[in-house]
There are 2 protein chains.
Amino acid sequence: MTKKEKLLHQSLKLIHEKGFKATTIRDIAASMDCDVANVYNFIDSKQGLLESHLFSINEEFHLRFDEINNSSFEPIEKIKRIVGIYIDLTFAKPYQASLLVNEWRHLKEPKLSRFIKEREKFEIKVKKLIKQGIKDGSIRKVDVDIATYTLLSSVRWLFNKVASGNLKVNRIEVEKQLLDFVLCGLTV
Amino acid sequence: MTKKEKLLHQSLKLIHEKGFKATTIRDIAASMDCDVANVYNFIDSKQGLLESHLFSINEEFHLRFDEINNSSFEPIEKIKRIVGIYIDLTFAKPYQASLLVNEWRHLKEPKLSRFIKEREKFEIKVKKLIKQGIKDGSIRKVDVDIATYTLLSSVRWLFNKVASGNLKVNRIEVEKQLLDFVLCGLTV
DNA sequence: GTCTATAATTCGATAGAC
DNA sequence: GTCTATCGAATTATAGAC
């Protein structure tokens with residue numbers, strides 16, 4: 001692992017544990033066993049570090065989301081696979097998933113607005129999927145907003161357990177159990 | 001509203017919006033239109049302010065939770081009512097609910113450990129309810145850990161929508177739709 | 001790339017007059 | 001209770017020698 005990779009990994013872990021604002025450059029330097037000044041050999045600023053972490057994982061998720069969303073699968077099958085993507089990504093990159101949930105609000109303008117807009121677009125796409133499912137009869141007549149927020153929220157505990165290593169069951173079983181739960185809450 | 005009440009209200013709102021670490025005493029002073037020094041007429045320290053906010057809402061929730069949990073209702077009925085309490089409290093005090101979810105990690109020892117222990121006790125009680133439900137046949141044979149975290153997580157979006165005023169439906173309808181969702185995910 | 005030193009700023013908190 | 005003024009600590013970031 002290069003020094004830069006170590007910096008990226010350790011800073012991710014620290015920001016997940018303490019939050020972006022509470023994580024200092026000194027913390028990051030100590031975690032990679034070097035001086036504060038050295039950190040700036042690899043990053044331009046603390047703010048830039050947050051931005052690169054956030055937009056890297058954000059882009060990866062949205063790319064994979066759009067692959068599914070633009071396919072010709074039925075709405076309910078799309079939702080299944082989107083939950084699958086989220087679980088995949090969370091198991092592969094739990095710290096990044098944590099930042100995506102908790103730390104985006106520390107972005108500064110104009111990046112903050114860009115992030116919020118992209119998230120809103122994503123939420124609208126999910127709402128559209130649920131609407132289509134209701135229309136074709138595969139999804140119960142739920143309130144679209146509530147169902148969307150509940151669906152998205154219900155998987156948002158996972159990164160914490162994966163990051164802390166406190167999860168007893170494996171990825172496949174998590175996917176099975178989570179899909180049972182949310183599909184049962186949605187389908188007719 | 002007294003000045004102290006205004007301080008408590010404005011600081012809650014700011015901490016919800018920006019996070020505890022990013023909220024400065026100067027922010028709080030500006031929001032109540034007074035000087036920085038004045039803030040200290042009403043609070044001892046910024047840390048103490050967080051503690052009083054957090055333990056006040058935490059105690060209120062756990063008291064009401066234990067009322068239900070110590071009753072002789074069936075497990076599934078207890079779970080219904082616990083979701084009801086959470087929704088009640090979130091509609092009544094959305095900013096406090098936000099702190100309970102996002103800002104507890106900025107507590108310092110020994111209050112931090114106390115908070116974490118109380119939350120763990122609470123989670124164990126919920127897990128026990130689900131286990132009982134599985135035993136008496138009212139709940140599907142789910143993985144207890146996954147079901148507990150998913151259940152608790154699925155209602156955790158609500159405070160954000162209530163706090164921002166972006167919720168179109170009323171409290172009763174939220175409760176109906178949320179219960180439909182999570183009970184369908186749990187029950188046989 | 002690594003270190004020492006330090007600039008520049010921000011923040012929590014207090015002193016003391018009114 | 002309210003203000004001005006300021007202290008002391010922490011923090012991001014840079015300069016410059018090696």
Side-chain angles (χ1 to χ4, degrees), chain A residues 1-56 95 99 102-112 115, chain B residues 1-56 95 99 102-112 115:
Chain A
M1 198 179 338
T2 68
K3 272 249 151 171
K4 168 128 193 179
E5 285 168 345
K6 189 167 184 186
L7 186 154
L8 291 177
H9 179 262
Q10 296 288 7
S11 64
L12 265 175
K13 197 175 168 188
L14 282 166
I15 296 173
H16 158 71
E17 284 164 359
K18 309 176 67 166
F20 175 70
K21 277 280 179 182
T23 300
T24 67
I25 300 290
R26 281 166 179 76
D27 291 333
I28 295 173
S31 78
M32 56 189 293
D33 205 37
C34 75
D35 260 345
V36 171
N38 270 62
V39 173
Y40 290 94
N41 290 330
F42 308 104
I43 65 169
D44 289 335
S45 67
K46 192 190 169 189
Q47 201 64 32
L49 181 64
L50 177 68
E51 291 162 6
S52 78
H53 279 318
L54 270 178
F55 283 101
S56 136
Y95 299 126
L99 265 59
N102 290 318
E103 308 302 330
W104 58 268
R105 66 173 159 179
H106 296 114
L107 289 170
K108 288 186 179 171
E109 297 294 358
K111 310 247 179 188
L112 177 61
F115 183 90
Chain B
M1 196 177 346
T2 69
K3 272 249 150 170
K4 167 129 192 181
E5 285 168 345
K6 189 167 183 186
L7 185 154
L8 292 177
H9 180 261
Q10 296 288 8
S11 64
L12 265 176
K13 198 175 167 189
L14 282 167
I15 296 173
H16 158 71
E17 284 165 358
K18 310 176 67 167
F20 176 70
K21 277 280 178 181
T23 300
T24 67
I25 299 290
R26 282 163 177 81
D27 289 333
I28 296 172
S31 78
M32 55 190 294
D33 205 36
C34 74
D35 259 345
V36 171
N38 271 64
V39 173
Y40 290 94
N41 290 330
F42 308 103
I43 65 170
D44 289 333
S45 67
K46 191 188 170 190
Q47 202 64 31
L49 181 65
L50 178 67
E51 291 163 7
S52 78
H53 280 317
L54 270 179
F55 283 101
S56 136
Y95 299 127
L99 264 60
N102 290 318
E103 308 301 332
W104 58 267
R105 67 173 159 179
H106 295 114
L107 289 170
K108 289 185 179 170
E109 296 294 358
K111 310 248 180 188
L112 177 61
F115 183 91

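Given the structure is predicted, the values throughout are model-derived calculations rather than measurements. Lettering follows sequence order; numbering is per chain, from 1.
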Report task. Using heavy atoms and a sub-4.0 Å distance, could you list which residues of residues 7-26 of chain A are near DNA chain D? By number, please. Result -> T23(A), T24(A), I25(A), R26(A)

**Report entry** Spacing of L107(B) atom CG and Q47(B) atom CD [to the nearest 0.5 Å]
**Finding:** 7.0 Å

Requested in this report: Heavy atoms only: give me the nearest R105(A)-N102(B) pair and the separation to one decimal.
Outcome: NH2-CB, 4.4 Å

Query raised in the report: Going through the distances and angles, do W104(B) and L50(B) end up as a side chain to side chain contact (heavy atoms under 4.5 Å, CB included)?
Result: CA-CA 8 Å; W104(B) 58 267; L50(B) 178 67; over 6 Å; no

I'd like a table of donor-acceptor pairs (distance under 3.5 Å, sequence neighbours excluded) in which one partner is a side-chain atom from residues 35-45 of chain B, with atom names and distances.
{"residue": "N41(B)", "atom": "ND2", "partner": "N38(B)", "partner atom": "O", "Å": "3.4"}
{"residue": "S45(B)", "atom": "OG", "partner": "G48(B)", "partner atom": "N", "Å": "3.0"}

Please list every donor-acceptor pair under 3.5 Å in which a side-chain atom of residues 17-30 of chain A meets a protein atom from a residue at least two apart or in another chain.
{"residue": "K18(A)", "atom": "NZ", "partner": "D27(A)", "partner atom": "OD2", "Å": "2.9"}
{"residue": "T23(A)", "atom": "OG1", "partner": "L14(A)", "partner atom": "O", "Å": "3.3"}
{"residue": "T23(A)", "atom": "OG1", "partner": "G19(A)", "partner atom": "O", "Å": "2.7"}
{"residue": "T24(A)", "atom": "OG1", "partner": "R26(A)", "partner atom": "N", "Å": "3.4"}
{"residue": "T24(A)", "atom": "OG1", "partner": "D27(A)", "partner atom": "N", "Å": "2.9"}
{"residue": "T24(A)", "atom": "OG1", "partner": "D27(A)", "partner atom": "OD2", "Å": "3.2"}
{"residue": "D27(A)", "atom": "OD2", "partner": "T24(A)", "partner atom": "N", "Å": "3.0"}

Report summary line: Residues passing the side chain to side chain contact (heavy atoms under 4.5 Å, CB included) test with L8(A), sequence neighbours excluded, are K4(A), L49(A), H53(A)

Report summary line: The first and last nucleotides of DNA chain D lying within contact of chain B, meaning any atom under 4.0 Å from one of its heavy atoms, run from dG1(D) to dT4(D)

**Report entry** E51(A) side, atom CD; K111(A) side, atom NZ - distance, nearest 0.5 Å
**Finding:** 4.5 Å

Query raised in the report: Does anything in residues 28-49 of chain B reach DNA chain D, meaning a heavy atom under 4.0 Å, and if so which residues?
Result: D35(B), A37(B), N38(B), N41(B), F42(B)

Query raised in the report: Nearest 0.5 Å, what's the NZ-NE2 distance between K13(B) and H16(B)?
Result: 9.0 Å

Query raised in the report: Relative to the ring of H9(A), is the ring of Y95(A) parallel (under 30°), tilted (30 to 60°) or perpendicular (over 60°)?
Result: perpendicular

**Report entry** Contact summary for K6(A) and S31(A), nearest pair of heavy atoms
**Finding:** CE-O, 4.3 Å

